[in-house]
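First up is the structure itself, then whatever we jot down about it.
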Amino acid sequence: MPVGNALGTMSEYDFTAIEARWQAAWRENNTFATRGPGEEGFDASKPKYYVLDMFPYPSGAGLHVGHPKGYTATDITARYKRHRGFNVLHPMGWDAFGLPAEQYAIQTGTHPAVTTKANVDNFRSQLQALGFSYDWDREVNTTDPSYYKWTQWIFKQLYQKGLAYQSEVPVWWCEELGTVLANEEVIDGRSERGSHPCVKKPLRQWMFKITEYADRLLADLEDLDWPDSVKAMQREWIGRSEGAELAFQPATAEGVEVGEAFTVFTTRPDTLYGATFCVLSPEHPLVDVITTPEQMEAVSEYREQATRKSELERAELQKDKTGVFTGAYALNPIFPEGDPRRLIPIWTADYVLMSYGTGAIMCVPDGDERDHEFAEKYSLEIRQILDGDKMVNSDFLDGMTKEESIPAMIAWLEEKGLGTGKVNFRLRDWLFSRQRYWGEPFPILHEIDAAGERTGEVKLAADEDLPVSLPELEDFTPAAGGEPPLARATDWVTVVDKGGKTWKREVNSMPQWAGSCWYYLRFLDPHNQGAAWDREKEDYWMPVDLYVGGAEHAVLHLLYARFWHKVLFDCGLVTHSEPFQKLVNQGMVQSYAFKNAAGLLVPVDAVTENEDGSFFAQETGEAVERMTAKMSKSLRNVINPDDVITQYGADTMRLYEAFMGPVTASAPWNPRDLPGVFRFLQRTWRVYQTGLGEQCNDDVERALHQAIKKVGHDLEQMGYNTAIAALMEFINAATKAKVPLTAEQAANFCILLEPFAPHLAEELWSLTNQSGELAYAAWPEFDASKLVADTIEVPVQINGKLRARAVVAPDVSKDDLEAAAREVIAEHLQGEVRKVIVVPGRMVNFVVG
RNA sequence: GGGGGGGUAGCCCAAUGGCAGAGGCAAAGGACUUAAAAUCCUUCCAGUGCGGGUUCGAGUCCCGUCCCCCCUACCA
């Protein structure tokens, strides 16, 4: 085979050389450097498009084939938008604080910064090998002091707004990780990372008042172009419910008042006439006060059991409700003194959670399924108050539906001063401190007294003292008792201010979410030394037009970032109240796995396929069933992107990722499908190898214009897989025509191909001596007159069933089409034609009989 | 239990209410080749989970039902 690039000479599609050449050229020419307001070369007349990936944590394992699925989608869109004349901001960075680097440091003594740098370098080169058009001049790294300086500065803004506070609260403590965790990071009593057991423990921690923003975080979801599932998850997490709070007074069995009144939250205050008992959470402080001596032993034992039970165990045991009578009673405020219904028993039970509402509930067995179950089990009174959807035995509410009775009851309670209408949220304040080394230090100083003890007074570090840099440490292990590793850096911890006064630094660090709460703003102005970002740039680029990432961040990163952004908005630092206008969750890239009859998973490399397409395990010979699963080391089904690039090239890899199906769909990586897209690129290469022609072939020209239309249309709605199908159609047509493309056709197809397979497109652009920079060449316009053939076949139906086809001109009139249809259908037409439906260019339908 | 998303050829996946098929994989046959690979050409394949309804016409809209995936769950 002759090797060479001269046109007219058949040469191989040498993707390795082509990709290396163009990646180098893009770097040298700064092809994808983006200019914003105030930057040289900025063109203010162009519209902007900000397309963002959720930046990765640079793990030691390197890039996973799942990462490029989203990155390929955004890159195709970024490249497409450049052709459409947009100023495109398409940056990449590293969310590099986090536990793995710290744990590796504890095991090996390697400083997390060293590990992080190595991992970042690896990730960057892997991403560059895929030819993504990021503006690498804007790369940010959350662990860089010049970055976290501004993370600390934003913390100060939140603090100054009164949104950050310290509190001794029961928080999730994870012994294994040696740190506290946020509610969002604990699932069923286990840490989200690593699945280690966690317990509730009272500790003094930094909190953010995210609950003050609950209403806005909920309401503003409305206008966002986000997946319904993510909006639903955020709504549920915020958990707004309307109802009332009302107070119950504890009393003895004789009705003598004891202790303080307790408040309950209920969404159905109107069912108060059916309230026959109350339940306090075992953690409720009042339980100690009101429990009678006779019941004390049983209650203490129950409470102890409840604390020992993990949240997980409580959830597992949910079917079987348990509880203990406290011996005390509560006065149902709706009944007058002397009414026997007024005195109701108070129980304690762990199905009532201290963390929701007030930790105390009124129970209406006739209205609530759980209360009913509990009442049945412990033989408590069940008083009817509902007949169908109408209230009964409820005095002034009788005959009302709940829509009428709830407001009526709230009005009544408020009038009598017994309760108030109340909106309750499930959202808790955000626990913002961690006992780790590898995180942002707080810009906080604690006042200490002569004995070196904290007085409780704190002050912020001055702006000119930022960043508060991480001190060097030898040992990164958390100290016993939850003391953070930073406490060991004694020189760093002690600060003497200008007045000679001694302070101690905060030794907790920020959680990993901090850096990712605002990185999309730093990309706008990454080298700014004097400010986190420039207002003019922020005004131009924000909000993010397209944000692509995994669904796992639905309530963590995406809720936190929205919260920070709203605070920044209230501070007048940003111009929009929401950061991410359109959000897309890319589907997961899964892998095949195999399961035997016993349901055990069998590693991929231990399975062989039979001729008939079934599978068997090599060792045992037993039949196994193919299924899709997450890639995992144990199943040995992890695909390494580097191997794919070596074998097929980056363009094939990109094309395959985009061609797997809709970007939002999960699909297994199927090595068998790779050659299909690879062949398409080879065919494309070959079409261009025959040189350019003068003569314009009609079929090729039509296919090209159809492709221009379809690819543009599909890309507007992120239909990457169907856009690629359109490209394939064109190449199939061009191959079939066996005539060289004209220079114009060759150029136009290069532009269509560039977003998907940029290296090959650049090579072909250069081989055909096109002028100008391909990445910024204007997207071609399609000519509607060239879209259709000289004649088209129109289906002719009788009663909706296909009976014949009429060959007509594409622009035939309605009457002429009907005439042509009558001609071809004549022999099939029997009986009276009652109606004729004619859709010009589409079909004709005769309704008979 | 609640919420979100899906069921179309052997497989992945397309189809503004208008011929069920764009594209790819796999399969079969052929061309080229000493042979194989690669490449090229040709061919094969379902009536859209199931049952109703609306319509001239339903994969698409409506009602019911079954199955699968994801998220969430004693939230008062």
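Here is the naming used below: chain letters follow the sequence lines, and residue numbers restart at 1 for every chain.
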**Request:** Show the numbers, then the answer: is there a salt bridge (Lys or Arg N to Asp or Glu O under 4.0 Å) between A:Glu832 and A:Arg834?
**Result:** CA-CA 6 Å; A:Glu832 184 197 357; A:Arg834 291 192 308 171; over 6 Å; no

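Using P as the reference atom, B:G59 and B:C74 are 43 Å apart when rounded to the nearest Å. For B:C67 and B:G51, the C1' atoms lie 15 Å apart once the distance is rounded to whole Å. For the C1' atoms, the distance from B:A20 to B:C13 is 14 Å, rounded to whole Å. Across B:G2 and B:A73, the matching P atoms stand 16 Å from one another, rounded to whole Å. B:U33 sits 48 Å from B:C69 when the C1' atoms are compared, rounded to a whole Å. Of the C1' atoms belonging to B:A15 and B:A22, the separation is 8 Å, rounded to the nearest Å. Atom C1' of B:U65 sits at a distance of 29 Å from the matching atom of B:G18, rounded to the whole Å. Taking the C1' atoms as reference points, B:U8 lies 13 Å from B:C45, given to the whole Å.
A:Ala667 comes within 4.0 angstrom of nothing in the nucleic acid, heavy atoms only. Contact annotation for A:Arg683: backbone-only contact, meaning every heavy-atom pair under 4.0 Å involves sugar-phosphate atoms and none involves a base. Using a 4.0 Å heavy-atom cutoff across all strands shown, A:Met588 reaches no nucleic acid atom at all. Across all strands shown, A:Pro662 has heavy atoms under 4.0 Å from sugar-phosphate atoms exclusively, and none from any base. Using a 4.0 Å heavy-atom criterion, one finds that A:Met233 contacts the sugar-phosphate atoms exclusively. Contact annotation for A:Asn732: backbone-only contact, meaning every heavy-atom pair under 4.0 Å involves sugar-phosphate atoms and none involves a base. Here A:Arg834 lies out of heavy-atom contact (under 4.0 Å) with every strand.
B:G6 atom C1' lies 15 Å from atom CG of A:Asp228, rounded to whole Å. As a whole-Å value, the separation of A:Leu221 CG from B:G3 P is 18 Å. Across the protein-nucleic acid pair, A:Tyr656 atom OH and B:G23 atom C1' stand 14 Å apart, rounded to whole Å. Here the P atom of nucleotide B:C12 and the CE atom of A:Met728 are 18 Å apart, to the nearest Å. Taking atom CG on A:Asn721 and atom C1' on B:C25, their separation rounds to 15 Å, with Å as the unit. Here the P atom of nucleotide B:A14 and the CZ atom of A:Phe659 are 10 Å apart, to the nearest Å. With rounding to whole Å, A:Glu729 atom CD is found 19 Å from B:C13 atom P. One interatomic measurement links the two molecules: NZ of A:Lys710 to P of B:G21, which rounds to 16 Å at whole-angstrom precision.
Side chain A:Asp673 to base B:C25: no donor-acceptor pair is found below 3.5 Å.
The number of heavy atoms from other shown groups lying within 6.0 Å of CD (A:Glu552) is above 12. Around atom CD of A:Glu369, no more than 12 heavy atoms belonging to other residues, nucleotides or ligands sit under 6.0 Å away.
Searching all strands for a Watson-Crick or G-U wobble partner of B:A36 with both distances below 3.5 Å returns nothing. With a cut-off of 3.5 Å on both pairing distances, the Watson-Crick or G-U wobble partner of B:C50 is B:G64. Across all strands shown, B:G1 forms a Watson-Crick or G-U wobble pair with B:U72, both key distances being under 3.5 Å. Pairing of B:U43, defined by two Watson-Crick or G-U wobble distances under 3.5 Å, is identified with B:A27.
Counting only heavy atoms from C-beta on, A:Glu236 has its side chain closest to B:G3 among B:G3, B:C41, B:A22. Closest to the side chain of A:Ala725, from the set B:G23, B:G18, B:C75, is B:G23. Residue A:Thr722 places its side chain closer to B:A14 than to any other of B:A14, B:G23, B:G18.
Between A:Val844 and A:Gly359, the residue whose closest nucleotide on RNA chain B is further toward the 5' end is A:Val844. Between A:Pro675 and A:Lys736, it is A:Pro675 whose nearest contact on RNA chain B lies nearer the 5' terminus.
Taking side-chain N and O atoms only, A:Arg842 has no distance below 4.0 Å to OP1 or OP2 of B:G57. For A:Asn670 and B:C11, the shortest distance from a side-chain N or O to OP1 or OP2 is not below 4.0 Å. Applying the 4.0 Å criterion to OP1 and OP2 of B:C40, one finds that A:Arg686 has a side-chain N or O inside that range. Remark: A:Arg370 is in phosphate contact with B:C75, judged by side-chain N or O atoms under 4.0 Å from OP1 or OP2. Of the side-chain N and O atoms in A:Gln682, one or more sit less than 4.0 angstrom from OP1 or OP2 of B:U39. Using a 4.0 Å cut-off, some side-chain N or O of A:Arg679 falls inside it from OP1 or OP2 of B:U39. The side chain of A:Asn585 contributes no N or O atom lying less than 4.0 Å from OP1 or OP2 of B:C71.
In this pair, A:Trp685 and A:Tyr13 present their aromatic rings tilted. The plane angle is within the 30 to 60° band.
Ring centroids of A:Tyr378 and A:Phe277 are separated by 6.0 Å or more, keeping the two rings apart.
Between the side chain of A:Asn585 and the main chain of A:Gly549, a donor-acceptor pair closer than 3.5 Å is present. A donor-acceptor pair is defined here as one N or O able to donate and one able to accept, closer than 3.5 Å; no such pair exists between the side chain of A:Thr271 and the backbone of A:Val364.
What you find for A:Ala73 and A:Val663 is that their closest heavy atoms are CB-CG2, 3.8 Å.
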